[in-house]
Amino acid sequence: METHLEDKVMSLSEAVKKFIPDGAQVSLGGFTAQRHPMAFVHEMIRQKKKDLHLVGHSPGGDWDMLIGAGCVKRVELAYEADEAFGRIGPRFRLAVQRGEIEWEDYSNFGMVQRIAAGAMGIPFIPTYTMLGSDMLKKEGFSAETRKLRKVPSKKLVLMDCPFTGSKVALLPSVQPDVTVIHAQVVDAQGTVRIYGQNFGDDQQAKAADKVIVTCEEVVQLEELRDYPEHNCIPFFRVNAIVKVPYGAHPYACYRYYDYDPEFLHMYHDKARDDASFKVLLDEYVYGVKSWGEYLEKIGGDEKLKKLKADKLLGYAPKLKRR
Amino acid sequence: METHLEDKVMSLSEAVKKFIPDGAQVSLGGFTAQRHPMAFVHEMIRQKKKDLHLVGHSPGGDWDMLIGAGCVKRVELAYEADEAFGRIGPRFRLAVQRGEIEWEDYSNFGMVQRIAAGAMGIPFIPTYTMLGSDMLKKEGFSAETRKLRKVPSKKLVLMDCPFTGSKVALLPSVQPDVTVIHAQVVDAQGTVRIYGQNFGDDQQAKAADKVIVTCEEVVQLEELRDYPEHNCIPFFRVNAIVKVPYGAHPYACYRYYDYDPEFLHMYHDKARDDASFKVLLDEYVYGVKSWGEYLEKIGGDEKLKKLKADKLLGYAPKLKRR
Amino acid sequence: MEKKYAKNFSLMELMAVAAAREIRDHEIVFAGTGLPMLGSMLAQNTHAQNCVIVFEAGAVDCKLAHLPMSVGDPRTMRMASTATGLFDVFSTVLQRGWIDVGFLSGAQIDAYGNINATCIGDYKKPKVRFPGSGGSGDIACLSKRTIIIAVHEKRRFPERCDYITSPGWIDGPDGRNKAGLPWGGPEAIITTMGVLKFDEKTKRAYLASYHPGVTAEQVKENTGFDLDISRAEETEPPTEAEIKILREKVDPELIFLKKGED
Amino acid sequence: MEKKYAKNFSLMELMAVAAAREIRDHEIVFAGTGLPMLGSMLAQNTHAQNCVIVFEAGAVDCKLAHLPMSVGDPRTMRMASTATGLFDVFSTVLQRGWIDVGFLSGAQIDAYGNINATCIGDYKKPKVRFPGSGGSGDIACLSKRTIIIAVHEKRRFPERCDYITSPGWIDGPDGRNKAGLPWGGPEAIITTMGVLKFDEKTKRAYLASYHPGVTAEQVKENTGFDLDISRAEETEPPTEAEIKILREKVDPELIFLKKGED
């Protein structure tokens, strides 16, 4: 259990190289419009990661870009879209319709329970959700896939509760190889503080074998330990810390910056078409060497100023959102 | 779902009358040396509640007094003692040895999982804990008791995991009629903020059908909503709010006051003997009309000053503890 | 006070008002993005000031000042009672039985109020893939009742969904019970043409009302399953007060009001 | 630097030092009240400065300034990394497999390191009732290894416990595996007379060392089960530095050091 301080703080490039082998089962933090670890996603694409097995609940552009860039072999999910910005992830839709990836559908609660069960260290969790739905009946993974490591041997199991007689679905737990989250503040040792909703980050991190945290700020040890009850992940669970301000762009990071509607609409326009998606990747991912350069590309200081969160509200109330 | 503001803030006496019928299944918050709702316990004793079914993890003097005062019929627990202050709850020990109550033993994690499962709304939860122990084999409740409401139909069930083949214990969930916790701050509508560890209070409250919160301070609505992520129980789950400063005495309340070693040692001395326990009850419970009067009895301002927590540390560093 | 009905309103506004009216005061509402947010905010600003809005992303009982574009929008944090995450909200609020009413939508809705948000065609070789359940399947299973919001087109209202993402009455009055669902079921479908409700005995959808400017027959023609229109009357139009609040307080930025739904 | 052994020390101090020495640097330690706290704090102030102390009540990696009297003591909050509650610590830390070493104690300990913290006599009609498992059963089941601390008396060391609250090796090398436990098992029993370890093959306890002033034979006489003393040597005494830190930094208030254990 070696936990040397200095070793944890590293660059994006090092973190991807060290912790994301091809074929890894990866879970990415954030939810819908907030805190997806986008800078990390870009770096995975730049390093041409292959055959990733993604597990999550409601990802959006993070997964969509990875799928579109050809990094993904297999997904277990509840939803892939950007809600009001794009009602379906365009690259996900195409990859599924073309049979380019394997997929398995659960509900949001179903996925989050499976991850929570992984965090708790139990092999499955019972639930009433999804009863009566085709998620119980239709299976995406083949029998061959079901034999692979980190893939549950069955999608789920129906059972009569031995205490009450009621019907329950047993969902297999998930313990990803790596979870990557984007937090507001981390100390140099790995203690994580998230402002606002935690979404599933807590469970995703605690379920995983390894945890990478990208963040807006890295602070000294003492700063987060005055209110330990406000921290969500104990330092020893974190394997890598990467400071990437605005690292969730185009998604929001509560109390730091808002989402970028302009970029999100642009993404959904471009990603629908193979050719324009390739141009988008070339321009925003392959064609830039650092996250700083990317931020220049998306509009630099002027754009970032517009996205900057109001101190009290935690978002940008005057942001033009249509 | 009627949730009228004014109706929730009430006196101890009203709260006990309104929400604790004889025979109720009750769960009390706090853990070992902290935040047991003692003022509420005293009031239940004064109102001579009968046949309570207590469910908890590691209670101490809260349960011990209730058991000693004859309020309790049945307990499901992991531990009843005050650690360094008293390595066994004296009235609990006697009640068990004399066969005056029914009891069922699980481990701390076992009980807390059962309560968490109740909070999650699932009928059971799988675990590896307690495997290999006699808690799997020895059962306290009779077949008759197992038929009663709020008593699980079986103590637990062993099962082979349908996904991994590993052995797991399925533990039945608990959803108490009422959970009573003692928090530092509550707003007039019921939003609860706890400083320091939450222990099992979050799960106990969310598992219960009704929730009563005694607290050090009742504040206005706006005060707790600036950082909603620091609150643990949404207002609509809380049915009664009772302001009782020092309401956890002789236990600690982080950032407010420390535990009272003198009183705790005295309790364990007196409670070992039937006659001296009766005198103790007469003096500190039956003989006082309000919690204020009780605080006078235990030493008044001078004692409370000694227990007052240091602002930075959250406890009283100079407290004489031996 | 006499009700003054509005003379000018869009279809989106009519639907938002209809959604709002389904919420009763003091109810706990599980709201999704778009019309459910408009409806919940409107309800909170009109007849149901004490309704509690819950978002699956974690925020409970927020006091929205700006319309969110997502259930995980930072705008949902404002003045919330608690703000945790998906696991807490789905398990300790929804599955524990505290949600009075949930809102749903989807690509297909069938005669029993089942919803498809997953795919058209075979699940493993879909012709068209949709985003998937998200929280929709959970809300459908575990809310005490649900309200469905939909664009009314024939292809979107088949007799039977290609894939049931979010169970309604499944196949009739005993459907949910047989499936093991503890409670719940859809109460109404608010569409771009009218409001459908479910027959007490059969649990099939029937037309309860058609919106101003549409006839019951037109609704029937645009429905893929056989729709009983014998009980239909005209939808009560929005009041001037409702439209005013909707435009000035709920969505002054015109985030959803001027955009088409789906 | 040459080790200077202390000349004056109490039995409690000797045991606290023995407990501390079982902790390796960087390990994650599940600590209970009393000697485990003394040992963990001592370890953190000597050879294992990076060990992480976890309390079941919620505090993870606190930097203790004052010795707690309870695992839920507010003193455990000081400078912790996180502070949640029992469910989080037991499930996401302990059951998830992150605890390297846990400390245990109890009223009876048998030849296979099983512990009784529940009762003497029949469970339903006990002669003597103890507090119950608390976290002890959980630590015994789910730590990667455990250290047991005990008062050495014949009646406390029977061949078989009246009730197994906290499983050790159960009935031999395959005991835990048969029970379904994923890992773990006791490594040592630190008693008031010596240190017992477990035979690699049989998993029965044998005497590894006897404390200064006690003979191996005396330990055997005070043990209820047949104790192999063939491998015993004298316990390494505390160093002057350890005793100094224990007295001046770990327990200057003499919360535990001058009190008898149990």
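None of these values were measured; they are calculated from a predicted model. What you see below is based on every heavy atom in this structure, not just the backbone, and it leaves out hydrogens, waters and symmetry mates.
Salt bridge status for R237(A) with D209(A): absent, with no side-chain N to carboxylate O gap under 4.0 Å. The pair R35(B)-D201(B) meets the salt-bridge criterion, since a charged nitrogen lies less than 4.0 angstrom from a carboxylate oxygen. Between D258(A) and K318(A), no side-chain nitrogen of the basic residue sits less than 4.0 Å from a carboxylate oxygen of the acidic one, so the salt-bridge criterion is not met.
Annotation: residues 107-134 of chain A contacts chain B through M120(A), G121(A), I122(A), P123(A), F124(A), I125(A), P126(A), T127(A), Y128(A) [non-hydrogen atoms, separation under 4.5 Å]. Scanning residues 157-173 of chain B against chain A with a 4.5 Å heavy-atom cutoff picks out V157(B), M159(B), C161(B), P162(B), F163(B), T164(B), S166(B), V168(B), L170(B), L171(B), P172(B), ordered by number.
Both the sub-6.0 Å distance and the 45° axial angle are not jointly satisfied by K154(B) relative to the ring of F141(B).
Partners of Y251(B) according to the side-chain hydrogen bond (donor to acceptor under 3.5 Å, both in side chains) rule, which considers only residues two or more places apart in sequence or in another chain, are D82(B). For D310(A), there are no side-chain hydrogen bond (donor to acceptor under 3.5 Å, both in side chains) partners, not counting sequence neighbours.
Scanning both residues, E102(B) and T145(B), for their nearest heavy atoms gives OE1-OG1, 2.7 Å.
Between the side chains of Q204(B) and S27(B), at least one donor N or O sits under 3.5 Å from an acceptor N or O. There is a side-chain donor-acceptor pair under 3.5 Å between Y256(A) and E217(A).
Of the two parts of D226(A), only the backbone, made up of N, CA, C and O, holds a non-hydrogen atom closer than 4.5 Å to a non-hydrogen atom of chain B. Heavy atoms closer than 4.5 Å to chain B are found nowhere in R146(A), neither backbone nor side chain.
Note on P152(B), G196(B), S153(B): by heavy-atom pairs under 4.5 Å with chain A, the leading option is G196(B).
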Test side-chain hydrogen bond (donor to acceptor under 3.5 Å, both in side chains) applied to H230(A) and E229(B), step by step: CA-CA 8 Å; H230(A) 297 168; E229(B) 67 263 56; over 6 Å; no
From CA spacing to verdict: side-chain hydrogen bond (donor to acceptor under 3.5 Å, both in side chains), Q197(A), Y254(A): CA-CA 9 Å; Q197(A) 307 106 311; Y254(A) 182 63; over 6 Å; no
